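To start, the structure itself, in structure tokens.
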Amino acid sequence: MQWIRNDKKYDTETAMLIGGRIKFCKVPSNEASKHIVSNFYKKKSGECFLVVETKRSSFGSEWNEKSPEIITFTEEEAKKWAEENLRVDMYEEAFGKVEE
């Protein structure tokens with residue numbers, strides 16, 4: 001997937017996938033289940049971005065509820081998101097080793 005934001009290209013094919021998270025949402029029993037997948041990427045330039053997909057599933061089928069969205073970060077914002085949402089090894093893969 002590719003996007004242009006603020007005159008910069010973001011491409012999931014060329015960026016490194018660092019990690020992500022899945023959030024399962026509570027829905028009424030008569031609706032298809034819903035979950036939000038957030039994948040954290042780092043570009044060769046060092047910039048980080050998040051791709052968020054809202055998915056529905058029912059009876060073995062899965063589909064996107066809407067088009068995937070991109071969230072771009074400053075370095076500080078990227079580190080904060082990663083601290084709160086990624087494992088330590090993933091954080092250090094993106095930003096380098098952290099002292100104890």
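Keep in mind it's a predicted model, so treat the numbers as computed, not measured. The figures that follow rest on heavy atoms only: side chains count, while hydrogens, waters and symmetry mates do not.
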* Work out which heavy atom in Ser57 is nearest to a heavy atom in His35; give both atom names and the distance. =>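 Of all heavy-atom pairs spanning Ser57 and His35, the closest is OG-CE1, 4.4 Å.
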* Structure fact -> Shortest non-hydrogen pair, Gly19 vs Leu86, comes out as C-CD2, 3.8 Å
Would you say [Y] ends up clustered with [X] if hydrophobic residues are merged whenever their side chains have heavy atoms under 4.5 Å apart, either directly or through other cluster members?
X: Met16; Y: Trp81; result: yes
X: Val88; Y: Ile18; result: no
X: Phe73; Y: Ile36; result: yes

* Structure fact -> Here the side chain to side chain donor-acceptor pair (under 3.5 Å) pairs for residues 89-100, sequence neighbours left out, are Arg87-Asp89
More than 12 heavy atoms of other groups within 6.0 Å of [X] [atom1]:
X: Glu75; atom1: CD; answer: no
X: Glu76; atom1: CD; answer: no
X: Asn30; atom1: CG; answer: yes

* Asked: Atom SG in Cys25, atom NZ in Lys55: separation rounded to 0.5 Å?
  ->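 Spacing of SG (Cys25) from NZ (Lys55) equals 13.5 Å.
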* **Interatomic distance, Lys44 atom NZ to Asp11 atom CG [nearest 0.5 angstrom]** =>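 Here the rounded value is 9.5 Å.
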* **Side-chain cluster (under 4.5 Å, hydrophobic types only) that Leu17 belongs to, other residues** =>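 Once heavy-atom contacts under 4.5 Å are chained together, Leu17 belongs with Met1, Trp3, Tyr10, Tyr41, Phe49, Val51, Ile70.
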How about [X] and [Y]: do any of their side-chain heavy atoms sit closer than 4.5 Å?
X: Ile71; Y: Glu77; answer: no
X: Asn85; Y: Phe40; answer: no
X: Glu83; Y: Phe95; answer: no

* To do: Spell out, as yes or no, whether a donor-acceptor pair under 3.5 Å connects the side chain of Asn6 to the backbone of Lys8.
  => no
* **Sidechain-backbone polar pair: Lys42 side chain, Ala94 backbone, donor-acceptor under 3.5 Å** => yes
* Residues which pass salt bridge (charged side-chain N to carboxylate O under 4.0 Å, His left out) with Lys23, listed by chain and number, not counting sequence neighbours ->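 Per chain and number, Lys23 pairs via salt bridge (charged side-chain N to carboxylate O under 4.0 Å, His left out) with no residue.
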* To do: Check whether the side chains of Glu47 and Ser45 place a donor and an acceptor atom closer than 3.5 Å, and report yes or no.
  => yes
* To do: For the pair Val27 and Arg56, evaluate side-chain contact (heavy atoms from CB on, under 4.5 Å) and give the outcome as yes or no after the intermediate values.
  => CA-CA 10 Å; Val27 295; Arg56 292 281 188 151; 4.1 Å; yes
